[in-house]
Amino acid sequence: MSGACSTLCLIIITIFLPPLGVFLIAGCGIDFWINVLFTCLGYFPGHIHAFYLEYVFYERRNRDPLTRASQRPAPGVYSDRVQNGGLHQAPAGQTYGTI
């Protein structure tokens, strides 16, 4: 039940301040600054980016660990924490972003 409560709180925070929601799941990295830029350019693009990052984070968090290790990186997500669903280490030899 606490997982659902924290998810709901994160969604409510993201509705009012999209960069804060991104900061809570991705930290102060490139995804956060991209979201700040999107929010400054228009409030709606900031929401789309923030909810996309949250979707990737929670979708990968709920995967089986074996499936999570063999997954392809989500496009447009540069945070290892979001790519791995909250895990601290990336699988060996995996890079993110555009190559």
Side-chain angles (χ1 to χ4, degrees):
M1 187 65 164
S2 67
C5 183
S6 66
T7 304
L8 182 62
C9 289
L10 183 63
I11 289 172
I12 291 171
I13 289 170
T14 303
I15 289 172
F16 293 109
L17 290 170
L20 182 58
V22 172
F23 177 76
L24 292 174
I25 63 166
C28 189
I30 190 71
D31 285 324
F32 170 74
W33 292 109
I34 290 171
N35 192 269
V36 168
L37 178 68
F38 281 155
T39 303
C40 288
L41 292 175
Y43 204 61
F44 189 64
H47 276 97
I48 292 172
H49 182 253
F51 284 122
Y52 172 68
L53 291 176
E54 290 174 12
Y55 168 75
V56 169
F57 178 79
Y58 282 110
E59 189 266 333
R60 294 192 176 208
R61 182 178 176 184
N62 294 330
R63 281 190 181 177
D64 179 42
L66 295 176
T67 306
R68 193 181 304 139
S70 64
Q71 67 193 357
R72 292 183 55 192
V77 178
Y78 299 98
S79 171
D80 288 337
R81 187 173 176 198
V82 174
Q83 289 282 2
N84 295 318
L87 294 178
H88 297 291
Q89 294 181 350
Q94 192 170 16
T95 58
Y96 301 118
T98 57
I99 296 177

If you take all heavy atoms of [X] and [Y], which pair is closest and at what distance?
X	Y	value
Arg72	Arg60	O-NH2, 2.8 Å
Ile13	Gly21	CG2-N, 4.1 Å
Gly46	Pro18	O-CB, 3.6 Å
Pro75	Tyr52	O-OH, 2.8 Å

Other residues, nucleotides, ligands: >12 heavy atoms within 6.0 Å of Tyr58 OH: yes
Pairs meeting criterion side-chain hydrogen bond (donor to acceptor under 3.5 Å, both in side chains) with involvement of residues 20-43, two or more places apart: Asn35-Thr39, Asn35-His49
[X]-[Y] co-clustered via ILVMFWY side chain contacts under 4.5 Å:
X	Y	value
Tyr55	Leu53	yes
Ile12	Val22	no
Phe23	Ile48	no
Ile25	Leu17	yes

Nearest 0.5 Å, please: how far is [atom2] in [Y] from [atom1] in [X]?
X	Y	atom1	atom2	result
Ser79	Phe32	OG	CZ	12.5 Å
Cys5	Leu10	SG	CG	11.5 Å
Tyr78	Gln83	OH	CD	10.0 Å

Flag side-chain contact, heavy atom, 4.5 Å: Ile15 against Phe51: yes
Pairwise salt bridge (Lys or Arg N to Asp or Glu O under 4.0 Å) hits with a residue in residues 35-59, at least two apart: Glu59-Arg63
